[in-house]
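Working notes for the structure below.
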Amino acid sequence: MRRVKPRTPPGMRDFTPTEVRQRTWVIERIRTVFERFGYEPVETPTLELFETLKGKLGDEGEQLLFKVLRRGTALEDLRLGRVNRVEVTDFDEVVDYALIYDLTVPFSRFLAMHPTLPMPFKRYQIQRVWRGDKPQRGRYRELYQCDVDVAGSASMLADAEIIAITVEALGELGFEEFTTRIGHRKLLDGLVESAGGGEHFQNICVAIDKLEKIGSDGVREEMARRGVPAEIATGILKQVTQEGPAPEILKRLEAPLAATRQGPQGIAETRELLAILSAMGVPEQHYRLDLRLVRGLDYYTGPVFESIVTRPAIGSLTGGGRYDELIGRFTGQPLPATGTTIGLERIIDAMKEHDLLPAAGSTTDLLVTIFDEATREAALRLATELRAAGLRTEVLLKPSRGLKQQIAYASAKGIPLLAIVGPDELAAGLVTLRAGPRDQRQVPRDRAAAEARTFLDALAGS
RNA sequence: GUGGGCAUAGCUCAGUUGGUUAGAGCGCUUGACUGUGGCUCAAGAGGUCGCGGGUUCAAAUCCCGUUGUCCACCCCA
């Protein structure tokens, strides 16, 4: 038989036990922070109806969706070889579902279907999402996202809490040098309007978003290429690149934005948001106002945020914002909402770089060695008792000659403790507990579980 | 979609200006070692050198194409 070269789909990965333990550790820390603020867990399906996701992610996002072929169409005849050609005139005719692209759209659909939840509803959701991107550093096709969102509140209290959670979560994971950039769609809207570039809003946003990367001149070129008049580009760049403390920047924006539709509200909201963050005691080095922050997704309507670390250069670790109109697209009733995503894969990549991940560890506390046929029963009985006492206990599930192989197995698996019940121990009513070549003690058989536990605690403490 | 690097055993990789039968480590299988430093020792299985074509007396090695993968751009977590 022809062998299949083993490989995973592009951008999708296997995780070894050690990696899964590390990832679980990180997820649990993030979950702890979410729950510390009173957020509740929610889960939604892996697939959504294509119509649910359609028109919410922007052209770019929608292109990256993994779509699922509808069953029972003419395509099925093609698969079975009944026909060799199929004509498709309507996309929806052949696609009915898609793998979820983010957790925000599914959550919005969820809210629309569960109107009786206590409001404001604060939920967190940790699941896989899929994107048909071209994989590269920090970019995968299958990834975990950890979302926290508040629905049913238009108050900046909600946005501030989301930012506070972001900062606390990154701190909890051991990051020290990170910043959450805070922008505001209404400020941006006002700026563009005051510069007379209303009709170019999308193009201007795309260009401004690249400011960090390509610099002022680059943005000017980008705008020119996208048909934005030079004087408008210059006007916007001047506003967006101004330096100084946030209150002063906002003060300076007052006059130019006074006559715009969204500007004054953007200024007021941003001021309030910053005031709340300050009142909450969120460390100032971890957030800053950044008028340049745009963020690509279509559905943002208010404050937007993203967190970056200086090292490694893998883009943002978190990203989110307010989306007051998304849920209304399912119900017809507006329901304000805001939230953020913590990208697990990039968090892990960054933690690796900073050496913040916990040591390998083990899922097993101890291995009871099976000395020989005659003592096997005694070993199995001890293992059962240790398990009953709550210790994670295993025996080697294959015949082995002597202890060497069993010790080697325990070592390879990182099992910290060995319990040996050989003929000598059996005769004396003892068990040998062994943590290492020079670290072993004999304890009474009936105290094995308690002694093992103190031994393990001592090992963990040292 | 555009550009660049890489592709040799299940995994990580070595392989000299093109020159005999393509190697190592890890892992796997078998055997030796009758209660302990995470082994050691012996043997073994495992390869269309990504695929297709070309140059040459001779190609893992040089050339062209193709596919895969990684990196950068776009966008994003």
Side-chain angles (χ1 to χ4, degrees), chain A residues 2-14 16 30 57-65 101-104 126-147 166 170 205-207 209-210 213-214 218 222 225 293-298 304-309 312-321 340-350 367 369-375 398 400-416 418-426 432-440 442:
Chain A
R2 187 154 160 237
R3 286 193 305 192
V4 179
K5 194 168 179 67
R7 55 184 175 137
T8 54
M12 306 193 186
R13 298 165 294 165
D14 290 327
T16 61
I30 292 172
L57 304 164
D59 279 351
E60 196 103 25
E62 202 160 307
Q63 196 188 331
L64 298 178
L65 280 176
Y101 175 92
D102 66 6
L103 299 178
T104 307
I126 300 171
Q127 281 181 238
R128 286 181 207 235
V129 303
W130 291 265
R131 298 180 179 185
D133 250 322
K134 210 168 163 184
Q136 55 183 269
R137 180 163 161 85
R139 158 102 44 104
Y140 306 96
R141 285 188 166 182
E142 180 175 55
L143 57 139
Y144 265 87
Q145 296 202 321
C146 314
D147 273 39
T166 304
L170 290 174
C205 285
V206 171
D209 199 40
K210 296 182 194 168
K213 247 180 212 166
I214 61 181
E222 178 87 23
R225 193 145 43 78
L293 181 64
V294 177
R295 301 199 50 77
L297 290 168
D298 276 1
V304 289
F305 4 94
E306 80 176 29
S307 308
I308 48 174
V309 284
I314 48 170
S316 51
L317 261 44
T318 80
T340 197
T341 299
I342 298 179
L344 184 69
E345 316 306 334
R346 285 190 183 169
I347 292 274
I348 301 265
D349 285 354
L367 177 84
T369 61
I370 295 175
F371 189 83
D372 58 19
E373 277 296 313
T375 58
K398 66 175 241 182
S400 78
R401 204 178 12 265
L403 292 182
K404 283 184 177 176
Q405 256 184 51
Q406 302 186 54
I407 292 171
Y409 173 79
S411 171
K413 250 189 112 165
I415 299 172
L418 234 59
I420 303 170
V421 263
D424 298 347
E425 284 89 348
L426 222 45
T432 300
L433 296 176
R434 179 184 194 275
R438 271 185 237 90
D439 192 7
Q440 66 181 52
Q442 291 201 315

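Order of the sequence lines fixes the chain letters, A, B, ..., with proteins taken first and strands second; residue numbering starts at 1 for each chain.
Separating the P atom of B:G46 from that of B:A24 is a span of 15 Å, rounded to the nearest Å. Between B:G5 and B:A9, the two P atoms lie 22 Å apart (nearest whole Å). Rounded to a whole angstrom, the distance from the P atom of B:A32 to that of B:U16 is 41 Å. Spacing between B:G31 and B:A45 at atom C1', rounded to whole Å, works out to 15 Å. Remark: the separation of the C1' atoms in B:G15 and B:A59 is 14 Å, to the nearest Å. Using atom C1' as the reference point in both B:U2 and B:C74, the two lie 10 Å apart (nearest Å). When the P atom is used for both B:G54 and B:A60, the distance is 15 Å, rounded to whole Å. Taking the P atoms as reference points, B:U61 lies 16 Å from B:G65, given to the whole Å.
Residue contacts shown for A:Tyr409 are absent, as no nucleic acid heavy atom lies under 4.0 Å away. At a threshold of 4.0 angstrom between heavy atoms, the contacts of A:Pro423 include nucleobase atoms, whether or not backbone atoms are also involved. When heavy atoms are screened at a 4.0 angstrom cut-off, A:Ile420 is found touching base atoms of the nucleic acid. Contacts of A:Thr318 with the nucleic acid, taken as non-hydrogen atoms under 4.0 Å apart, involve only primed sugar atoms and P, OP1 or OP2. Residue-level contact check: A:Glu425 touches the bases, meaning some heavy atom is under 4.0 Å from a base atom. Counting non-hydrogen atoms under 4.0 angstrom, A:Phe371 reaches a base of the nucleic acid. Residue contacts for A:Ala435: at a heavy-atom cut-off of 4.0 Å it reaches a base atom on one of the strands shown. Looking at heavy-atom distances under 4.0 Å, A:Leu317 makes contact with sugar-phosphate atoms alone, never a base. Within the 4.0 angstrom heavy-atom criterion, only backbone atoms of the sugar-phosphate kind lie near A:Gly319; the bases stay farther away. Counting any heavy atom pair closer than 4.0 Å across all strands shown, A:Asp372 reaches no nucleic acid atom.
Using a distance-only test at 3.5 Å, with no hydrogens or angles considered, no donor-acceptor pair links the side chain of A:Thr318 to the main chain of A:Glu306. With hydrogens and angles ignored, the 3.5 Å screen pairs no side-chain donor or acceptor of A:Gln145 with any backbone N or O of A:Leu344. In this structure a side-chain-to-backbone donor-acceptor pair under 3.5 Å is present from A:Asp372 to A:Ala374.
Pairing for B:A7 goes to B:U67, judged as Watson-Crick or G-U wobble with the two contacts each under 3.5 Å. Nucleotide B:A24 forms a Watson-Crick or G-U wobble pair with B:U12, both donor-acceptor distances falling under 3.5 Å. For B:A58, there is no paired nucleotide, since no Watson-Crick or G-U wobble pair has both relevant distances below 3.5 Å. Base pairing annotation: B:C41 forms a Watson-Crick or G-U wobble pair with B:G31, both donor-acceptor distances under 3.5 Å. Here B:U2 sits opposite B:A72 as a Watson-Crick or G-U wobble pair (both hydrogen-bonding atom distances under 3.5 Å).
Remark: A:Arg131 qualifies as a cation-pi partner of A:Tyr101 under the 6.0 Å distance and 45° angle criteria applied to the six-membered ring.
For A:Arg141 and B:U69, the CZ to C1' distance is 12 Å, given to the nearest whole Å. To the nearest angstrom, P of B:U36 lies 13 Å from CD of A:Gln406. Nucleotide B:A72 holds its P atom 13 Å from the CG atom of A:Asp133, rounded to whole Å. Summarising the geometry, the separation between CG on A:Asp147 and P on B:A77 is reported as 10 Å, rounded to the nearest angstrom. Between the CD atom of A:Gln405 and the C1' atom of B:U30 there is a distance of 12 Å, given to the nearest Å.
Between the side chain of A:Arg438 and the base of B:G37 there is at least one donor-acceptor pair of N/O atoms closer than 3.5 Å. On a pure distance criterion of 3.5 Å, no polar donor-acceptor pair joins the side chain of A:Arg137 and the base of B:A72. Taking only distance into account, the side chain of A:Gln440 meets the base of B:U36 through a donor-acceptor pair shorter than 3.5 Å. Residue-to-nucleotide contacts include no donor-acceptor pair under 3.5 Å from the side chain of A:Arg139 to the base of B:C71. Evaluation of atom-type donor-acceptor distances gives no pair under 3.5 Å for the side chain of A:Lys404 against the base of B:U34.
Of the candidates B:A77, B:U36, B:G38, B:A77 carries the atom nearest the A:Ser316 side chain, counting heavy atoms from C-beta on. Comparing B:C71, B:G35, B:C11 by their closest approach to the side chain of A:Pro6 singles out B:C11.
Nearest-nucleotide assignment on RNA chain B puts the 5′-proximal partner with A:Pro10, out of A:Pro10 and A:Gly343. When the nearest nucleotides of RNA chain B are assigned to A:Leu418 and A:Pro9 by heavy-atom distance, the more 5′-ward of the two goes with A:Leu418.
Between B:C71 and A:Gln136, no contact under 4.0 Å exists linking OP1 or OP2 to a side-chain N or O.
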* Given side chain to side chain donor-acceptor pair (under 3.5 Å), test A:Gln442 with A:Thr432 step by step and report yes or no. => CA-CA 4 Å; A:Gln442 291 201 315; A:Thr432 300; 2.9 Å; yes
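The shortest distance between side-chain heavy atoms of A:Asp102 and A:Thr341 does not fall below 4.5 Å.
Residues A:Arg139 and A:Glu345 are not paired through a salt bridge, judged by the lack of any N-O separation under 4.0 Å between the basic side chain and the carboxylate. In this structure, A:Arg13 does not pair ionically with A:Glu142, as no charged nitrogen and carboxylate oxygen lie closer than 4.0 Å.
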